[in-house]
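For reference, the structure discussed in these notes is given below.
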Amino acid sequence: MTLKDRLITLIGYNRAWEIRSRLSVCGLVLACWSDFHRYRRHAYIGFGKRSRKNLRALIMKDAHRVEKGLSLAGMRPFFGERMIGHLQMLIGCYVERYGYDFYADCGLLSLRRYVGAHDAFRGQSGYEKISLVEAFCDTHRSPGFGTRVGVDTLSREEFFECADASFAQFVAGRRSVRDFSGKRIAQDTIRQAAALAQRFPSVCNRQSVELYYYNEPARVREILRLQNGNRGFGETLGGVAVITAIADEFEGVGERNQPYVDGGMFLMNFLLALHSLKVGACALNWSVGPGRDRQLKKLLGLDDGLVVISLVGVGEVSERLKIACSPRKPLGDVYRGDGTIA
Ligand SMILES: Cc1cc2nc3c(=O)[nH]c(=O)nc-3n(C[C@H](O)[C@H](O)[C@H](O)COP(=O)(O)O)c2cc1C
């Protein structure tokens, strides 16, 4: 008889289980403490000096915000003044420290597209701000890295051409849509997409996800009011899905972040499934604090044990739509081989 067996005989299964659970809670506290420190050390939070990776991510984020603004059906002239200033500062810092590369190029090209989109306003009041951006671009001349930044304009047919093509064409053809007709997307369609997305791989096949879908306009508006990334297109969506993972179905310290992995896998499959069904979609971040999370759960009557992974705005794609290019990083910054590649 092992020591463990003897202990169980002595105190019983339930008491032994309780002790084991308490020990796991101690382990969980230590693991969260370590997670906290890693995040504090590496993510861009607080006042420390920004690392190269911090800066390049911030540039990508702002460059994408510019593209996104340019891709909206009713582009707001002179939009994002503060963000444009912030982006110039980031590019300035980055180039000063590291010189020109793909990331600086992305930032600069997005500024150039921004200036280009305001051509019609030349000479009008307010254009002085655009001239300053133009001057910034002129003093920061990147040698060019073949980066494609800005907006593509396609017809609905062109956009979905790849839906029945090879896998490579299909994945390249799926893109976030922010240009919708406003038509409501039926529960049945989303149910179909959920059925396809169910083929996602999950840890020990636990499939610990739940998808909620709302298409009643007043409800959609209430949900979108709690989300910060749908300005300029939220009102044209035909419904909103809420992707969640079920915390109750994970175990122990090691699985504390697993809901995000499994939920993220399901999210990806769901986006691809929607594309195959010719439904336009845009994931909508749920990067919020606990208060906002509670608000959403209260609004929708969601169980506290659900981890909200992301929202997804869905809709009928406009007849003719603009799409942000969302340039990809150089492959070498993603595929690192065995780690010996510089
Ligand atoms: C989890 C997640 C959250 C996102 N949140 C938003 C958002 O709030 N608003 C938005 O317009 N786009 C959002 N996006 C879309 C990204 O901007 C987009 O996926 C990225 O630029 C790549 O472009 P692509 O989807 O066209 O390939 C999100 C994407 C993901 C995966």
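Hydrogens, waters and symmetry mates are skipped; everything else that's a heavy atom, side chains included, is used. Every number for a ligand or one of its atoms is a count from 1 in the order of the listing.
Residue, atom and distance of the protein heavy atom nearest to atom 16 (C) of ligand 1 are Arg178 NH2, 3.8 Å. The protein heavy atom nearest to atom 1 (C) of ligand 1 is Ser310 OG, 3.9 Å. Nearest protein heavy-atom neighbour of atom 2 (C) of ligand 1: Ala283 CB, 3.7 Å. With respect to atom 18 (C) of ligand 1, the closest heavy atom belonging to the protein is Ser176 OG, 3.5 Å.
In terms of polar-atom proximity, defined here as any N/O pair under 3.5 Å, Asn285 does make such a contact with ligand 1. Checking only distances, Lys68 does come within under 3.5 Å of ligand 1, N or O to N or O. Among the atoms of Gly229, some N or O lies under 3.5 angstrom from an N or O of ligand 1.
Nearest-residue assignment for atom 22 (C) of ligand 1 (options Arg328, His64, Arg175, Arg65; heavy-atom criterion): Arg328.
Side-chain atoms of Glu67 come within 3.5 Å of backbone atoms of Ser326 as a donor-acceptor pair (strictly under, hydrogens ignored). A donor-acceptor pair under 3.5 Å is absent between the side-chain atoms of Asp179 and the main chain of Ser318, judged by distance alone. Counting only distance, with no hydrogens or angles, the side chain of Glu158 and the backbone of Ser155 share a donor-acceptor pair below 3.5 Å. Side chain of Thr244 to backbone of Val307: no donor-acceptor contact under 3.5 angstrom is found.
Side-chain polar atoms of Asn205 and Gln207 form a donor-acceptor pair below 3.5 angstrom. With hydrogens and angles left out, the side-chain atoms of Ser208 and Asp262 include no donor and acceptor closer than 3.5 Å.
Under the 4.0 angstrom criterion for non-hydrogen atoms, Glu67 is not in contact with ligand 1.
Close approach of ligand 1 to Ser326 (heavy-atom distance below 4.0 Å) involves ligand atoms 20 (C), 21 (O), 22 (C), 23 (O). Numbered from 1 in the order shown, with element, the atoms of ligand 1 that lie under 4.0 Å from a heavy atom of Phe233 read 11 (O). The contact set between ligand 1 and Arg174, taken as ligand atoms under 4.0 Å from a residue heavy atom, comprises 24 (P), 25 (O), 27 (O).
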Would Arg256 and Asp35 count as a salt bridge (charged side-chain N to carboxylate O under 4.0 Å, His left out) here? Give the steps.
CA-CA 10 Å; Arg256 69 193 177 285; Asp35 289 350; 2.7 Å; yes
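Atom CG of Asn14 sits in a sparse spot, with 12 or fewer heavy atoms from other residues, nucleotides or ligands closer than 6.0 Å.
Two rings, from His140 and Tyr94, have their centers 6.0 Å or more apart.
Here Ala324 has no heavy atoms under 4.0 Å from ligand 1, in either its backbone or its side chain.
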